[in-house]
Amino acid sequence: MEHGTGPLPTIEIYSTLTRTKSPLATVKPGHVGMYLCGPTVYKPSHIGHMVGPVIFDTVKRHLVYSGWRVTWVVNITDVDDKIIAESTARGTTMAKLAEEMTADYLANLHALGVQGIDIMPKATEHIGTIIAFIEGLIAKGCAYSSDGDVYFDVTKDADYGKLTNRSVAAMQGEGGSTAERKRSSADFALWKQAKPGEPAWDSPWGPGRPGWHIECSAMSKAILGPHFDIHGGGLDLVFPHHENEIAQSESLHDLPMATFWMHNGLMQAAGAAGKVGGRPRGADAPADDAAAQAATKISKSTGAEPFKNLLARHRPEAIRMLLLSTHYRSPIHFGEEPLGESARALEAFERLFARYQRIAGTAFHALPCRTRREGDVAVAAAGDEVRPLRDKFLAAMDDDFNTAIAIATLFDFVRTANKFIDQHSLEAKKPAAELATLDAMMLVMRELTGVLGLFLEPPRPAGAADDALTGKLMELIIEIRANARKAKDFTTADLVRTKLTEAGIVLEDRPDGTGWSRK
RNA sequence: GGCUCCGUAGCCAAGUGGCUAAGGCAGCGGAUUGCAAAUCCGCCAUCGUCGGUUCGACUCCGACCGGAGCCUCCA
């Protein structure tokens, strides 16, 4: 209401808590507070760490585009047992390791076009906030200190387990050496006493460090308030992490922590079996193909490769495309095959953009990107075929951010634009009215791809030479071949094309001339 | 064992109690092309199995089979 011109559109969001979709209604009118659980920075990030950020970046883009103000927080867990262990193993400090791995994480996000994060709080910068939060819980009788540790008392939380439908009785708990310090095995640590030599902060319970779950409760409260709109993370965080966050925050505030709990599906290594150390296919295994399709979650423990390495082989845009081509709650089959397919899909779009540039002289990426969804006049200029596609795209995004359908409509859009160019022979003649329509179409395309965060950067244009010499040579070759074709010497013309193809260069004879690109 | 979820064409992947079950890749036929490439047009699924509810289910319920995630660190 206070933002934009018209009423805000209705956006349905699925919440893990209610297991249903309901319309987005915010705590503060017109303003969305969004918190995503970020990484524990002790190793280079892998593809799994990128899923949430890309999805929530897209969520934010769509919300902002639709008229909301959005504050998006992603935390960095920079104090943790694993960081301590890893830094010790490497002979460095926890702080240095965390800094290094945070830089790696940020560089990866940047490559994928994740631009919308507003605040990235670090646990170590909020120790005071965390301690105050714990003190509050102790004062309310929900937590107790025990020999330098502090634990949350799950028996004091009547609805503990509501996110994952678990009962305290059915819980196993951590066990191990801390078991005897806890009153009940399902209790979890808010504060951990430091062992000698470990990084530590002073607290009312002695030197120590925060437990894992408490930082999110404390920092989300400090930045977004005790009750905010969207809390996200991977499905693997639902229990125990988010369950415990809810327990902490709601016990302290007597308010819902977040209205919507959004969880993204996990990365699966596609067709892992049959290739790398999969299940042996012995006599007991059915000989048919279906049995070979085992997919397993990609995680740190399975030794997923650093994302940086992946970027050396694949365009980030192809990765983003792949992540968005499946509904965010579904698992994503990840691997070289799907990535290659995604890259080819991307090229279909880019061929249209190049075609448009040849016709109109305007680079797609130079087009202004409309950032607000009201724009009926401009959209109408794109013609009667485009409007319903745009409506379908927006309806899909409004329905729990269905990027899979959104992308499908983008493919329809590509076909519509290509057909328009074909039908009016825009490459041969350039009638002003049709050119204006094409411009309007591409503006809509620019607008919608912007919502998904795709095609933010210009691709290397087809026919771009690595160096000036290659460019000159290609020009020469194409000219000589053109003369041969003119003289009906197709043997020579085809020989040139065949040899170039073998060398990895594709020629295209178009109505307006011959173009080349690398395969 | 407990708690979630999934099983749609050769592959990937949306979706709905009843109009023609999106889209992509691959394939096939056609237009276009000197031939290609690119582009366009057309073709290609009855929705894991078996029951039940319903006037009607792929969509709801149950059982079964198969797969995944969580219950321990994990985005």
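Quick caveat: nothing in here was measured; it's all calculated off a predicted structure. In what follows, every chain begins at residue 1, and chains take the letters A, B, ... in the order their sequences are listed.
- Checking rC71(B), rA75(B), rA14(B) against the side-chain heavy atoms of Pro240(A) singles out rC71(B) as nearest.
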I'd like to compare against my own output: the B/S/- annotation of nucleotides 26-45 of chain B with a strict under-4.0 Å heavy-atom distance to protein.
--------BBBBSSSS----
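- Classification of the Phe188(A)-Phe152(A) ring pair by plane angle, with boundaries at 30° and 60°, yields parallel.
- When both distances must be under 3.5 Å, the Watson-Crick or G-U wobble mate of rG34(B) does not exist.
- Taking the C1' atom of each, rA22(B) and rA13(B) are spaced 9 Å apart, rounded to whole Å.
- The side chain of His46(A) contributes no N or O atom lying less than 4.0 Å from OP1 or OP2 of rA75(B).
- At a threshold of 4.0 angstrom between heavy atoms, the contacts of Gly340(A) with the nucleic acid are absent.
- When each of His327(A) and Asp80(A) is assigned the nucleotide of RNA chain B bearing its nearest heavy atom, the one mapping closer to the 5' terminus is His327(A).
- Here the P atom of nucleotide rC25(B) and the CG atom of Leu410(A) are 14 Å apart, to the nearest Å.
- Among the heavy atoms of the strands lying under 4.0 Å from Leu237(A) are primed sugar atoms or P, OP1, OP2 only; no base atom is included.
- The partner of rC3(B), taking Watson-Crick or G-U wobble pairs whose two distances both stay under 3.5 Å, is rG69(B).
- Comparing atom distances between the Glu341(A) side chain and each of rC25(B), rG69(B), rU4(B) picks out rC25(B) as nearest.
- Among rG69(B), rC71(B), rA22(B), the nucleotide with an atom closest to any side-chain atom of Ala408(A) is rA22(B).
- For Lys162(A), the NZ atom counts as densely surrounded, since its 6.0 Å shell holds more than 12 non-hydrogen atoms of other residues, nucleotides or ligands.
- With rounding to whole Å, Tyr14(A) atom OH is found 15 Å from rA14(B) atom P.
- Below 30°, between 30° and 60°, or above 60°: for His62(A) and Phe401(A) the angle between ring planes is above 60°, a perpendicular geometry.
- Per the geometry, NZ belonging to Lys297(A) stands 8 Å off C1' belonging to rC70(B), to the nearest Å.
- Ser87(A) places a side-chain N or O within donor-acceptor distance of the main-chain N or O of Ile84(A), the cut-off being under 3.5 Å.
- In this structure, the NZ atom of Lys82(A) is 12 Å from the C1' atom of rA75(B), given to the nearest Å.
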For the pair Asn108(A) and Ser45(A), evaluate side chain to side chain donor-acceptor pair (under 3.5 Å) and give the outcome as yes or no after the intermediate values.
CA-CA 8 Å; Asn108(A) 296 149; Ser45(A) 41; 2.9 Å; yes
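- Side-chain N/O atoms of Asn165(A) include one lying less than 4.0 angstrom from OP1 or OP2 on rU4(B).
- For Arg390(A), the side-chain hydrogen bond (donor to acceptor under 3.5 Å, both in side chains) partners at least two apart in sequence or on another chain are Tyr65(A), Glu447(A).
- The closest side-chain donor-acceptor pair between Asp187(A) and Ser184(A) falls under 3.5 angstrom.
- Using a 30° and 60° split on the angle between ring planes, Phe455(A) and Phe353(A) fall in the perpendicular class, above 60°.
- Under the Watson-Crick or G-U wobble criterion, with both distances below 3.5 Å, rU16(B) is left unpaired in every strand shown.
- Of the C1' atoms belonging to rU8(B) and rG23(B), the separation is 14 Å, rounded to the nearest Å.
- Applying the 4.0 Å criterion to OP1 and OP2 of rA14(B), one finds that Ser330(A) has a side-chain N or O inside that range.
- Open room surrounds CG on Asp384(A); 12 or fewer heavy atoms of other groups in view lie less than 6.0 Å from it.
- Atom CZ of Phe239(A) is separated from atom P of rU72(B) by 6 Å (rounded to the nearest Å).
- The distance between atom CG of Leu322(A) and atom P of rA14(B), rounded to the nearest whole Å, is 11 Å.
- Atom NZ of Lys192(A) and atom C1' of rC73(B) are 10 Å apart (whole Å).
- Put simply, CD on Glu245(A) is 13 Å from P on rA75(B), counting in whole angstrom units.
- Look at the P atom in both rG62(B) and rG2(B): the space between them is 15 Å, to the nearest Å.
- Closest contact between the side chain of Thr296(A) and the listed nucleotides rA75(B), rG69(B), rC70(B) involves rG69(B).
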What do the steps show when you test Glu336(A) against His314(A) for side chain to side chain donor-acceptor pair (under 3.5 Å), and what is the final call?
CA-CA 9 Å; Glu336(A) 298 298 316; His314(A) 298 282; 2.7 Å; yes
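- Backbone-only contact: Asn402(A) has heavy atoms under 4.0 Å from sugar-phosphate atoms and none from a base.
- Nucleic acid contact class of Ser342(A) (heavy atoms, under 4.0 Å, all strands): none.
- Distance from the side chain of Asp412(A) is smallest for rG23(B) among the nucleotides rG23(B), rU4(B), rG69(B).
- Using a 4.0 Å heavy-atom cutoff across all strands shown, Met50(A) reaches no nucleic acid atom at all.
- Rounded to a whole angstrom, the distance from the C1' atom of rU49(B) to that of rG7(B) is 11 Å.
- Across the interface with RNA chain B, nearest-nucleotide mapping of Asp399(A) and Gly48(A) shows Asp399(A) to be the residue nearer the 5′ end.
- With rA22(B), rA13(B), rC73(B) as the candidates, the nucleotide lying closest to the side chain of Ile405(A) is rA22(B).
- Nucleotides rG29(B) and rC44(B) place their C1' atoms 11 Å apart, quoted to the nearest Å.
- Distances were taken from every side-chain heavy atom of Ala404(A) (C-beta onward) to each of rA14(B), rC71(B), rA75(B); the shortest belongs to rA14(B).
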